[in-house]
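Some notes on the structure that comes next.
Chain identifiers are assigned alphabetically (A, B, ...) following the order of the sequence lines, protein sequences preceding nucleic acid strands; residue numbering begins at 1 within each chain.
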Amino acid sequence: MPHELPKAYDPTAIEDHWAEFWVRENLFAQPTPEPGRDAGQSFVILLPPPNVTGRLHMGHMLNQTEMDILTRWRRMCGDRALWVPGTDHAGIATQMMVERQVVSEGSSRQKLGREKFVERVWEWKRHYGGAILDQMKRLGASVDWSREYFTMDERLSVAVREAFVKLHEQGLIYRGAYIVNWCPRCQTAISDLEVVYDEHKGHLWEIRYPVIGEDGKDSGEFLTVATTRPETMLGDTAVAIHPEDERYTHLHGKKLRLPLVDREIPIILDEWVSREFGTGAVKVTPAHDPNDFALGERHHLPSINVMDDTGHVNENGGKYAGLDRYVARKEIVQSLEERQLLAGIKDHVHNVGHCDRCKTVVEPRLSTQWFVKIQPLADKAIEAVEKGHIKFTPEMYAKTYFEWMRNIHDWCISRQLWWGHRIPAWHCANCHKVTVAREDPAACAHCGSEKITQETDVLDTWFSSGLLPVSVFGWPKISQETRADFDAFYPTNLLVTGFDILFFWVARMIMLGCWFAGDVPMADGRPRELKDAVPFREVYIHALVRDANREKMSKTKGNVIDPIEIVKQYGTDAVRFTLASMASPGTDIAFNVARTEGYRAFANKIWNAARFIFMNVDKAAEAGISVDRSVLGAMPTVGEDAPLEARWIVAELHATAARVNESLANYRYDDAANAIYQFFWGSFCDWYLEIVKLRLNFEKQQVGESAGQLVSGNEAGEELRSPRSSNARDLRRPAEAALTTLVSVFEAALRLLSPFMPFLTEELWLAVYDGQPPAKSIALTRYPQADGAAKEQAPIEEMELLQNLIVEVRALRKEIGVEEKASTPIEVRTHATARRIFEANHDIVERLARVSEMRIAHEISAGLAKHHATAFDVAVVYERKVDAAAERERLTRDIAKYEKGLAAAERQLGNEGFLAKAPAPVVEGLKKQAGETRTLLEKARAALESLPKG
RNA sequence: GGGCGGUUAGCUCAGUUGGUUAGAGCGCCUGCCUUACAAGCAGGAUGUCGGGGGUUCGAGUCCCUCACUGCCCA
């Protein structure tokens, strides 16, 4: 059956097909292992669940490419590989999106009511929620789709509820009025992490507060306070000064009259106050500032909340009630000015917190929320990393992790939303106590009253995603019958993610995982130690994908690259390879399509190599020669009598496989990708394919044409024989052997490449087997592993010598202007070892350097242009005059280079300290190199002198 | 304000415990449609490794310092 491939590789023609095939065939499903049967080593990765509302961006693609490469690689290495996909319900984001939709229909969330609104969100999810995973399918992610989860699934909701109840039982959940970050637009509390700070040019208003005298009337004196948020003065309950601030000593114990509100407030003394900032007197608003709240606690001050859920002044604001906070600010400043209570306005740059989700300025506000007392969980999480149970790559991120973990604040987990896991707590109208329960209670657990209502708040989205490593494998319902998944797959091996969710997600998973998995005994019944309670053993943090100019991609800048678009243009494989080759740990990726173009060319190169190979396989078949398929699928080997190029390419393949495996083990995707690229293009295509053309001679059965004939130089006419000449009686055998090596090396190289370029390799691999593949997919074959014995140096060194000769001849030809098509004789002066190699492989030199005849000579004939290497001198026999000026320039440059190098080497070798202290191999290496440089220098100098003058 | 990075060829980046004359891709220059591939082949040019100081026989690599730059936290 002839293989017919189009001349240029068109990824769009095959990618959709394979993407669908992999999903349809459920190729990457990893079934639950049979209990009690050790099915080998697991490799488990959890996909960081994208928001269900999300669209795939470049960051996702990088993340997924890295995970897919590792998963495919481990799977091919024989591990029980499992990559679990899913989506996050993304509380605020999803609620906002559906809310907008509802509003556009003329309705509203409130009009619909909670139940109907939540049903609408589910409906939305059913229709559009799969979009991002569909995009993922298109990228070829080798996940187990049968295990797809959604954080609001029943199964995962049970885990959320169990976690909450358990923490509550352990006294680690509390509810109370505290200052939280309030988003007036989302109308919910948000956690510290969800606040992003932006530098903002604002003002510092200085307000004069009248001091009340002994008589209870205004004394005529004022205390001036400075504030960036004058509207919060409505809620002031004190003014604080530093106890040792001499400017204000006389005011100790006095009271002030709060302007506009006309409330008496005390002057309090606290060392927290900075004497340098503003006027050294600070207004205290416990209900609207975290520092003030702490001050209020210390000094037992009342808290007066003056803001409602929407950021408008509430009834506590007197005549300002109902005004938006910024309108109120304006009016208050104006009123103060009218009353001559405004001492000044200064420009002031400060950081303002914004809602991570909607960018609205956050209002710190006193409000009743649910919190997790985090310290006990954090302690375990710190220990897990300190003791090395979890390893970070790059290691640097462990520092960031510790920094945050050691300064952690209690986690505000309640959100005033409708979309999410509703907090399993019931308020009693009778005794006002709270009942927290696994099953919905019918009555108050404290007084038995049936007048109970469920808490309306839902949990922070990260509470459920933080539980994923335990919940996707069945926690908390882990019984004798249901524990196989947990035993086989927990802890997961690796988490691959961006640093942006290091605290949001990674840290929370570590805390919750260590906390809850610790209660699950090991498969053999032993108690689980911390090292096995961790949610993952390693964390790989990848960089940010930026645009080609290193700018952060953002919608407002308009520099966002849509991965799907770029994939359509260049092919998924090329984009994946771009990301992999640039994914050096710790460095951001400047995504440059020029690189992608280069890797599309790489894909095309491989495609065409395949065309060449198939063409020859077909030609051979016509001559009755077929490839021995039984040798495919393993690591290729060759006998000692095989031609140099065969021994060389096999050695290179083994060396490359070793390097790729090692690089991947260290998350060096860039090293691995570059090694494969170099092998495929630089070694396999540029050298091996060109040489192997000499051997693929199927049609003609004549003898002695290419083998055994060698023109000797002036060596007394000695006839030299090629080692292959003994096989000359049957030319089919070497051709068949060459074809087999060619195909088997190519097949192995495809497997090596397949985690990086799954589509192209799938297509070509199947073509290699011509409809009779040993597996359904290349992804289910074995990954090439280097065999120590096959990694020999000799063929690599011999080949290098040959390559040097060929390159020198090509350069020489270019310099003296030999036409590309012309073949010329060459003269080579060399020592015995190199001579043997050159002579044995003269046909290679002849073909690759367009040499008509290789003459081994004692001396290069006078007048010929020549080049020098340490092992040989070579000249091209050609009548055209040497460009003496250009030659002089080149030699002068070379001489300068050699002199510099030699001087440096001799300086070191003359240094007694170096000789005494440097390790012997280094000294030996330097001596050898100095010797070689000296040879080259002498040769170059002689050549320069022998050049015709002028 | 605290913490953590980065600075290597025109561009984007490698350079793992200090060890020979610092690499790759892209781009650039020159010549080739050599029937696998012009998305190609062959040849070529390109660096005071941010500045300064130190440790060492030896520093792109370790230490100090300065400059510029990015990120995280408050």
Would you mind classifying the nucleic acid contact of [X] as base, sugar-phosphate or nothing, using non-hydrogen atoms under 4.0 angstrom?
| X | answer |
| --- | --- |
| A:Tyr9 | base |
| A:Ala609 | base |
| A:Val807 | sugar-phosphate |
| A:Asn407 | nothing |
| A:Ile613 | nothing |

Euclidean distance, atom [atom1] of residue [X] to atom [atom2] of [N] [Å, nearest integer]:
| X | N | atom1 | atom2 | result |
| --- | --- | --- | --- | --- |
| A:Phe499 | B:G70 | CZ | P | 14 Å |
| A:Trp681 | B:C41 | CH2 | P | 5 Å |
| A:Glu403 | B:C73 | CD | P | 12 Å |
| A:Asp670 | B:G23 | CG | P | 18 Å |
| A:Arg850 | B:C32 | CZ | P | 13 Å |
| A:Phe612 | B:C37 | CZ | P | 10 Å |
| A:His409 | B:A74 | NE2 | C1' | 8 Å |
| A:Arg813 | B:A42 | CZ | P | 14 Å |

For [N] versus [M], give the span between their [atom1] atoms, rounded off to a whole number of Å.
| N | M | atom1 | value |
| --- | --- | --- | --- |
| B:C64 | B:C73 | C1' | 27 Å |
| B:U61 | B:U56 | C1' | 13 Å |
| B:C62 | B:G18 | P | 8 Å |
| B:U46 | B:G10 | C1' | 9 Å |
| B:G15 | B:U65 | P | 25 Å |
| B:G70 | B:G58 | P | 37 Å |
| B:G27 | B:U12 | P | 15 Å |
| B:A59 | B:G51 | P | 15 Å |

Would you kindly say whether A:His868 and A:Glu808 are connected by a side-chain donor-acceptor distance under 3.5 Å?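 No, no side-chain donor-acceptor contact under 3.5 Å.
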Have A:Asn608 and A:Arg611 got a donor and an acceptor in their side chains that come within less than 3.5 Å?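 There is such a pair between these side chains.
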Need to verify one output field. Residue with the more 5' nearest nucleotide on RNA chain B, A:Ala610 or A:Glu820?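 Whichever sits nearer the 5' end wins; that is A:Glu820.
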Select from A:Arg611 and A:Ala8 the residue whose nearest nucleotide in RNA chain B is closer to the 5' end of that strand.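 Result: A:Arg611.
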Is the distance from OP1 or OP2 of [N] to the nearest side-chain N or O of [X] less than 4.0 Å?
| X | N | result |
| --- | --- | --- |
| A:Trp404 | B:C4 | no |
| A:Arg600 | B:A39 | no |
| A:Arg668 | B:G15 | yes |
| A:Lys399 | B:G5 | yes |
| A:Lys821 | B:G31 | no |

Let's see if you can work this out: which of [options] has an atom nearest to the side-chain heavy atoms of [X]?
| X | options | answer |
| --- | --- | --- |
| A:Asn608 | B:A36, B:G25, B:G43 | B:A36 |
| A:Met396 | B:C4, B:C41, B:A42 | B:C4 |
| A:Arg595 | B:C41, B:G5, B:G25 | B:G25 |
| A:Lys605 | B:C41, B:C73, B:G43 | B:C41 |

Please name the nucleotide paired to [N] by Watson-Crick or G-U wobble geometry with both distances under 3.5 Å, or report none.
| N | result |
| --- | --- |
| B:C71 | B:G3 |
| B:A42 | B:U30 |
| B:G25 | B:C11 |
| B:C62 | B:G54 |

Parallel, tilted or perpendicular: rings of A:Tyr401 and A:Phe392 (30°, 60°):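 Ring orientation, 0 to 90° scale: tilted.
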Would you call the rings of A:Phe602 and A:Tyr599 parallel, tilted or perpendicular if under 30° counts as parallel and over 60° as perpendicular?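 Geometry flag for A:Tyr599 against A:Phe602: perpendicular rings.
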Does A:Glu690 make a side-chain donor-acceptor contact with the base of B:A42, cut-off 3.5 Å?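 When only heavy-atom distances are counted, A:Glu690 does not reach the base of B:A42 through any donor-acceptor pair under 3.5 Å.
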Ignoring hydrogens and angles, are the base of B:C37 and the side chain of A:Lys7 linked by a donor-acceptor pair under 3.5 Å?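 Answer no: no donor N or O sits under 3.5 Å from an acceptor.
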Taking only Lys NZ, Arg NE, NH1 and NH2, and the carboxylate oxygens of Asp or Glu, determine whether A:Glu652 and A:Arg659 approach each other closer than 4.0 Å.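 Answer for the salt bridge query: no.
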Just checking A:Glu899: does its CD atom have more than 12 heavy atoms from other residues, nucleotides or ligands closer to it than 6.0 angstrom?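 Check passes, neighbour count above 12.
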Honestly, is A:Arg406 close enough over A:Phe402, meaning NZ or CZ under 6.0 Å from the six-membered ring centre and within 45° of the axis?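 Judged by the rule, A:Arg406 and A:Phe402 form a cation-pi pair.
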Could you check whether A:Lys693 makes a cation-pi contact with A:Phe612, meaning its NZ or CZ is under 6.0 Å from the centre of the six-membered ring and within 45° of the ring axis?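 Yes, A:Lys693 and A:Phe612 form such a contact.
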